[in-house]
There are 2 protein chains.
Amino acid sequence: MPRRRKAEARKRTKPPGIREIAETLGISIGTVDRALHDRPGINKATRTRVLELAQTVGYRPNLAARFLSSRKQCRVGVNLPREIASFFDLVRDGILDVAQSFESSGVRVVYRSYPRLGQGEIEALEEALDDDIDGLVIAPGRPEHLAPLMRRAMRQGVPVVCVNTDAPGIEHLATVSVDAAASGSLVGELMGRFLGGNGRVVVVTGQLSTVDHRQKLDGFRKELGERWPGLGIAAVVEAHDDEREAYEKCRQVLASTPDVAGVYVSTANSIPVMRALDDQRMSGRLTAITTDLFPALAPLIESGKVAATIYQRPWVQGQIAFQAIYKFLVQRVTPPPVNKLSPHVVMRSNLKLFLERMRPDATGSPGRAGPRPETRAARSGSVATFADEIG
Amino acid sequence: MPRRRKAEARKRTKPPGIREIAETLGISIGTVDRALHDRPGINKATRTRVLELAQTVGYRPNLAARFLSSRKQCRVGVNLPREIASFFDLVRDGILDVAQSFESSGVRVVYRSYPRLGQGEIEALEEALDDDIDGLVIAPGRPEHLAPLMRRAMRQGVPVVCVNTDAPGIEHLATVSVDAAASGSLVGELMGRFLGGNGRVVVVTGQLSTVDHRQKLDGFRKELGERWPGLGIAAVVEAHDDEREAYEKCRQVLASTPDVAGVYVSTANSIPVMRALDDQRMSGRLTAITTDLFPALAPLIESGKVAATIYQRPWVQGQIAFQAIYKFLVQRVTPPPVNKLSPHVVMRSNLKLFLERMRPDATGSPGRAGPRPETRAARSGSVATFADEIG
DNA sequence: TTGAAAGCGATACCAC
DNA sequence: GTGGTATCGCTTTCAA
């Protein structure tokens, strides 16, 4: 067994650098640099020679050295709505967490917020694009309205990653979202199992013109149609993410449809729906499955009034989005254009695992602890980077 | 609105470095370095002065510079069993993925494997400790047998992170695992809902002396006891992760217990159990919930014979484990001692999202693509780092 | 016990 | 077009 000797063994045999390339080619490192970076003022022929040699020796730039020498910083814009905070605050935290772990590569996050999804997002995007930024993470509320600005970003060479939507039809580097169709059919399957295969279900959504909402309904309907002949949709309620509207419409529907066995709320707007159920004294008898997770929902899950909720993993969405931008900017790796996460099923028995991650103090950023003598290890109060991803 | 000017704005105002500290204190950077790193040969008084100033100015080392100048490399040992491959291969991939993304900080993975959980792990651990390694990730099969070696690791100053167990009672830096108790009660809750609150369930486990297995059973039993009065445990079968044993014992139990409504297999040993059910012509009528996910299980989920399986997220476990070691070694951040992941529920409707991640070609390591001219962006065939975490 | 200086591997200039 | 060289912030070594 090859037991390495203590001292010298841990020096690394250094990989080929630009200096080696320069030497073997008998040119200067400046020229190599020019070739590698497509910089102007270099002979086509030498450029090719350099590129080829780089290829064969397997040259890979030393990112530490690059960051150290180039004094410019990478600035990544993050535009998110303030509402719904329980979701987007976690997206932001996920982003900050990853950003943090790459701080030594000189990335900085420039954060902008606006009132709500689709409200002020155009202005914020415009502002960000004016702000000489290298990359951008956004949560498009109304993708179609953003299209022109997205084209502008493209022209400016600013890569944009969209979270919480697959934003088809607008230009972007990548999207990150929960698989909406899978989300819908997952609820269909849970509903089928929970109801023993029989019953009629009311679906409460936002508005069906939103791709995401449409896909969830379609997924749900497909699952029911293909696998659960005894299950049907009693009604589809569009509540437009409005509390009052959700409450009123649900009351009406429930009153006029007595034999409802289940309710599926496919947006975060579940509280008023549950209130309507309560008012009809139905919340115990009905099987309710909701979407997202926030403090007000916890007691409803605890009590069993909500059988399950579909968690859309905002923290992880943020992580992935930032990761994509970072790798693209720093390492020139183009991410997959569409990143679909698997939704999580949260029920009473695993609820606490998720709530723990939602405490405001659990932002999981030991590195932010600030100045400390390096020799003293700091035990961080919460979970490090990836660990938080469960939230 | 503060629109920054184009060119100069993106230079960063540099944070305080050891040079600044040296200057304001009127000493040399060498001395500052000695103070910051507790190196021998420095006056106690100056040391304190440096440390204090560092504290007040908020000194944070530039990791890029550190890595660049220190020519030593960090070597992290990874010891994993070859069986069960569907699980541990993914743990390894998760580790490699993170390692990859930190390659520019000079971490290297030294991989060792041995036949199966608990078989050869002592030798492998010994070998790793002999191999002058800086940190270690292991998957302890029999923690109690490893105790002396773990103590040795501790003495040698080698931090160890354990995956797939919370390995109580042995020394380690941290553990990463699915929350076994939550896993058990989650199955209890699913069972309760699926069976409509009535029926008797057979539990198939490995061996109850294994903490992890015990906790799952306890979680399951607790959930049933507290919330599902109509549900009971018909029998608990210890199959010791042996296929034949599982099959035989299950056959017997099922034959002698006619009124079984559900089966819970709390280890990956579910195939023989399902075969036993099939042989008794019960697989359709029973509600089966299993653990882990591997190719052979997919058709059983597809067909509905397995209602759900609890996915233990090997990929993420690997990521978190390596991340913990890395942060500890490089950034001196001590991770939380226990990292409990929330288990995922996989059913027919979201199965494909998980299977996609299990294809052997989907290792998600664009950076490994090898030498390429940097100016040419590479579109990676699969998902970048964090994205794969859903698998 | 301390100071001074030589790298690490890239970028960004200058001069030719 | 190309070569040379200062520079980034730190570690390391040698000299005082």
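Only this structure's heavy atoms are used, side chains among them; waters, hydrogens and symmetry mates stay out. Numbered from 1 within each chain, the chains take letters A, B, ... in sequence-line order.
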Starting from C1' on C:dC8, measure out to CZ on A:F67 and report it in whole angstrom.
15 Å
Rounded to the nearest angstrom, tell me the gap between atom CZ in B:R39 and atom C1' in C:dT1.
15 Å
Under the side-chain hydrogen bond (donor to acceptor under 3.5 Å, both in side chains) test, which residues partner A:S28, sequence neighbours left out?
A:T31
Round to the nearest Å and state the distance from B:D33 atom CG to C:dG7 atom C1'.
14 Å
Of the listed C:dA12, D:dT11, C:dA10, the closest approach to the A:Y59 side chain comes from C:dA10
Just the rounded figure in Å: distance from P of C:dT1 to CZ of B:R49.
15 Å
Closest to side chain of B:A65, choosing from C:dA10, D:dT12, D:dG9:
D:dG9
Restricting to non-hydrogen atoms, name the atom on B:A64 and the atom on A:F67 that form the minimum distance, rounded to 0.1 Å.
CB-CD2, 3.4 Å
Round to the nearest Å and state the distance from A:I18 atom CD1 to C:dA12 atom P.
11 Å
Would you tabulate the nitrogen or oxygen pairs shorter than 3.5 Å linking the protein to nucleotides 2-6 of chain D?
residue : atom : partner : partner atom : Å
D:dT2   : OP2  : A:N43   : N            : 2.7
D:dT2   : OP2  : A:T46   : OG1          : 3.0
D:dG3   : OP2  : A:S28   : N            : 3.0
D:dG3   : OP2  : A:S28   : OG           : 3.3
D:dG3   : OP2  : A:T31   : OG1          : 2.7
D:dG3   : N7   : A:R34   : NH2          : 2.9
D:dG3   : O6   : A:R34   : NH1          : 3.4

Ignoring hydrogens and angles, answer whether the base of C:dC8 and the side-chain atoms of B:S69 contain a donor-acceptor pair closer than 3.5 Å.
no
Sequence-distant partners of A:T48, side-chain hydrogen bond (donor to acceptor under 3.5 Å, both in side chains), two or more places apart
none
For the side chain of B:R66, counting heavy atoms from C-beta on, which of C:dT11, C:dG9, D:dT11 is nearest?
D:dT11
Please enumerate all residues that pass side-chain hydrogen bond (donor to acceptor under 3.5 Å, both in side chains) together with A:N79, with sequence neighbours excluded.
none
Residue of the set B:V161, B:D131, B:L173, B:L125 for which side-chain contact (heavy atoms from CB on, under 4.5 Å) holds with B:L136
B:L125
With sequence neighbours excluded, tell me which residues meet side-chain hydrogen bond (donor to acceptor under 3.5 Å, both in side chains) with B:R152.
B:D130
B:L25 has an atom CG; how far is it from atom P of C:dG3, in whole Å?
10 Å
Only counting residues at least two apart or in another chain, list the ones meeting side-chain contact (heavy atoms from CB on, under 4.5 Å) with A:S113.
A:R82, A:Y111
To the nearest angstrom, how far is B:L63 atom CG from D:dC10 atom P?
10 Å
Estimated bend of the helix from C:dT1-D:dA16 to C:dC16-D:dG1 (axis per five terminal pairs, rounded to 10 degrees):
50°
Hits for salt bridge (Lys or Arg N to Asp or Glu O under 4.0 Å) against B:R39, two or more places apart or cross-chain, chain-then-number order -> B:D33
B:R151: which residues meet the salt bridge (Lys or Arg N to Asp or Glu O under 4.0 Å) condition with it, sequence neighbours left out?
none
Looking only at C:dG9, D:dT11, D:dG9, the nucleotide nearest the B:N62 side chain is D:dG9
What is the distance from CG of B:L68 to P of D:dT12, rounded to the nearest Å?
12 Å
